[in-house]
*Asks:* 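Got a structure for you, written out below as structure tokens; questions coming shortly.
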Amino acid sequence: MARNDNPLDSFFQQIFAGVPLGDVRSDDAGIPHVDFSQTANVSDIKDRFAAMSRRSLVGIAAVALIVLGCAYWWFHPALNIHNPDIWALLFPLAIALFVLFRSARATYEKGGGSHEPSPSKAKLFKGLALIPLVVLAAGIVGWLLSASFFPGNAKKFASILPTEEYEFAEDIAQVNYDEIPVIDRDSAVLLGNRTMGSISDLVSQFEISPIYSQINYNDRPVRVSPLVYADLFKWLQNRGTGIPAYAIVDMTTQDAQVVRLDEDKGIKYSESEPLARNIDRYVQLKYPTYMFGEKSFEIDDEGNPWWICPVRTFTLGLFGGETVSRAVLVNAVTGETQDLAVDEVPGWVDRVYPSDLLIRQYNWRGAYSNGWFNSWLGQNGVVQTTPGINGAAGYNYIAKDDDVWLYTGVTSATGDNSIIGFVLINQRTAESHFYSVAGATEESAMSSAEGQVQNLRYAATFPLLINVSDRPTYFMALKDGAGLVKKYAMVDIERYQNVAVGDTVAETQKTYESLIAADGGSADSGAPAKTFEASGTIATVAQAVIEGNSHFYVTLEGDDHIYDFPLPALVQVVGYGVGDHISFSYVEGSPTSPVSEIADAKLAASASASGGSEGAGAPASGAASGSVSASENEPAGGATSASA
């Protein structure tokens, strides 16, 4: 063999000197390697370990325990049999131990190397080899018991989220336009991040966390997010006082501000803490057996910052039927914790159940209510939540009863462009309400709204559900390419061709109320719906196109109102001209009053067909030219009238 001058060879020769592992040499590329095919003898290595002193073994064990402890402290997995991460570690470990014990058993059964045959040791290792097999079998059985196809599990999955059916108009209050969230999460993040420029003393030290949890604060929908250290050096510089502020964005007014905390009340437990005060590590090590879900950042009624950490529980087998059983509340300033059952969580907390978990739970109910086989084959009665943008789950939030409720539409298993209803789920209690309403999906409504401004190429946000005159209505913002809100849109869920677009919420509201009034509804979002009747001689007629919708504006002689006739709902108005007599119903508004019905439309149609003005008809009996009357929308026999 030619002499090898590779310096690495001498190094490896020293390492393996006297160890019969094989010939150490370099290949053609000069890379040293050990050839085990020649003189390898693993039993010699075993003998060397056997010859080690007890002190050496104790030292090795101590080092191993220290490394293991440091790894646990850093990664802090939940020490729970239901934790999938634990099983991801146990499975390869069990397989390795099984192979090791089987090898040892074979060695002592037949003998080999320096080991003499020993039936007692062979029997011992045979028994030890059963332990990893039992662990593997337990994991497999636990997984099977968690599966939806396991007999009886489908019904259990379907019952995890009990849902009751409610009437929309009775359960959802009429919209208050002063409290409606007009921006989505992305816009809130954009506004919140811009506020950092207003605090020059903090902008170089901190950033705003991307959490932006939506909560109700002082009866208003807001998103809150803590500041985080900009980097490790900023943490070293500021860790003594903690994080001095959090950001809050009002979803209604679009006002964003950074709220400063008192000097001695900085946030010391956060996601950006790298060591013991890291919120995930802190709460997990304090409750080592709890499996925590998606946490949220919230503020209580006094503005104090808290972390809400839901505790996950699996109710079927090892990994099936996930829900939330408890919540750990952590004071972000002091580290004080409260371990509470779900029904003990205080009312100021808004988010205990993560949104994605609630969507999964409702989809289990929709898929498995009639059994597992039906979810795949017949699919009788199988429903699912509507998808969102770019394949993500589609949902939004509404404020109801001082809680945050998750909203999503419900469609058939085929995933068509219509909904059979929608569901509201309380994120604090998991109370679930279903409302049966046939109409367009959120995606269809978004497309309708974008179609009204297609020349501007605005993109619609995922809709918000509101109640306008007892009609379920989609409300959404229209944003430009930079993510800034430029317009707003309202779409009737049941008649999604009714689309109103405006530059402000008030303008959008007025246009939408005009549309639903023309459809026979009421634009009054307050107490009882009230319509008025008017008749008289037309003084002026003007036509305009607003956001793609045609409108006729009519005034009557001796009347100061401007009446709005939207097309195509009231297309009969085109048969009228100046000087014609007309009677109609309308809803009071300012500066225009939307018309809901033309009382003598048939006469107008006859006049238009004959080409004569006499076909417009005479004033109805008892009604003088230019007169207006009002009446409440009450059951027959209960109407009242008054002369205007």
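Quantities reported herein were computed from a predicted structural model and do not represent experimental measurements. Values below: every heavy atom of this structure, side chains too, minus hydrogens, waters and symmetry copies.
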*Asks:* Can you tell if the side chain of Ser325 reaches within under 4.5 Å of the side chain of Val342, non-hydrogen atoms only?
*Replies:*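 No, their side chains stay 4.5 Å or more apart.
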*Asks:* Counting heavy atoms not belonging to Glu167, are there more than 12 under 6.0 Å from its CD?
*Replies:* no
*Asks:* Does a side-chain heavy-atom distance below 4.5 Å link Phe552 with Leu567?
*Replies:* yes
*Asks:* Which label fits Phe422 and Phe168: parallel for a plane angle under 30°, tilted from 30 to 60°, or perpendicular past 60°?
*Replies:* perpendicular
*Asks:* What closest approach, in Å, do Tyr474 and Pro463 show between heavy atoms, and which atom pair accounts for it?
*Replies:*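 Minimum heavy-atom separation between Tyr474 and Pro463: CD2-CB, 3.6 Å.
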*Asks:* Filter on salt bridge (Lys or Arg N to Asp or Glu O under 4.0 Å), then keep only pairs touching residues 344-370, sequence neighbours left out; what's left?
*Replies:*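 Output for this query lists Glu322-Arg360.
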*Asks:* Quick check: closest heavy atoms across Met251 and Ala188, and the distance to 0.1 Å?
*Replies:*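 Between these two residues, the closest heavy atoms are SD-CB, 4.0 Å.
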*Asks:* Taking the six-membered ring where the residue is Trp, are the ring centres of Trp307 and Phe297 under 6.0 Å apart?
*Replies:* yes
*Asks:* Please state whether the rings of Tyr563 and His561 are parallel, tilted or perpendicular, taking 30° and 60° as the class boundaries.
*Replies:*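 Rings of Tyr563 and His561: parallel, under 30°.
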*Asks:* Under the criterion salt bridge (charged side-chain N to carboxylate O under 4.0 Å, His left out), I'd like the reasoning laid out for Asp184 against Lys479: C-alpha separation, chi angles, the key distance, then a yes or no.
*Replies:* CA-CA 10 Å; Asp184 63 352; Lys479 302 193 296 185; 3.2 Å; yes
*Asks:* From the options Asn374, Asn370, Asn363, select the one residue that forms a side-chain contact (heavy atoms from CB on, under 4.5 Å) with Val382.
*Replies:*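 That would be Asn374; it is the only one of Asn374, Asn370, Asn363 passing the side-chain contact (heavy atoms from CB on, under 4.5 Å) with Val382.
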*Asks:* Quick one: which residue pairs count as a salt bridge (Lys or Arg N to Asp or Glu O under 4.0 Å) with a foot in residues 436-451, not counting sequence neighbours?
*Replies:*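 Counting only pairs at least two positions apart or across chains, no salt bridge (Lys or Arg N to Asp or Glu O under 4.0 Å) contact touches residues 436-451.
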*Asks:* Would you give the length of the straight line joining atom CD of Glu431 to atom CD1 of Ile425, rounded to the nearest 0.5 angstrom?
*Replies:*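 Going from CD on Glu431 over to CD1 on Ile425, the span is 11.0 Å.
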*Asks:* One pair to check against salt bridge (charged side-chain N to carboxylate O under 4.0 Å, His left out): Lys486 and Asp503. What are the steps and the verdict?
*Replies:* CA-CA 7 Å; Lys486 295 298 184 180; Asp503 292 328; over 6 Å; no
*Asks:* Which residues satisfy the ring-ring contact (aromatic ring centres under 6.0 Å, His included) test with Phe434, sequence neighbours excluded?
*Replies:* none
*Asks:* Please state whether the rings of Tyr488 and Phe475 are parallel, tilted or perpendicular, taking 30° and 60° as the class boundaries.
*Replies:*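 Tyr488 and Phe475: parallel rings.
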*Asks:* Indicate the atoms forming the closest heavy-atom contact of Val437 with Pro472, along with that distance.
*Replies:* CG1-CG, 3.7 Å
*Asks:* List the atom of Thr508, the atom of Val501, and the distance in Å for their closest heavy-atom pair.
*Replies:* OG1-C, 4.0 Å
*Asks:* Flag the pair Tyr212 / Gln214 as yes when at least one side-chain heavy-atom distance between them is below 4.5 Å, and no otherwise.
*Replies:* no
*Asks:* Side chains of Asp171 and Tyr435 only: does a donor on one sit below 3.5 Å from an acceptor on the other?
*Replies:* yes
*Asks:* For residues Ala449 and Ala489, report the shortest heavy-atom separation together with the two atoms involved.
*Replies:*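 For Ala449 and Ala489, the tightest heavy-atom pair comes out as CB-CB, 3.7 Å.
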*Asks:* Indicate the atoms forming the closest heavy-atom contact of Leu358 with Ala430, along with that distance.
*Replies:*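 Scanning both residues completely, I find the closest heavy atoms to be CD2-CB, 4.4 Å.
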*Asks:* Do the rings of His551 and Tyr553 sit parallel, tilted or perpendicular, given the 30° and 60° boundaries?
*Replies:*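 Parallel: the ring planes of His551 and Tyr553 meet at under 30°.
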*Asks:* Once you round to the nearest 0.5 Å, how far does OH of Tyr362 lie from OG of Ser432?
*Replies:*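 Rounded to the nearest 0.5 Å, the OH-OG separation comes out at 6.5 Å.
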*Asks:* Hey, what's the ring geometry for Phe314 with Phe319, parallel, tilted or perpendicular (30° and 60° as the breaks)?
*Replies:* perpendicular
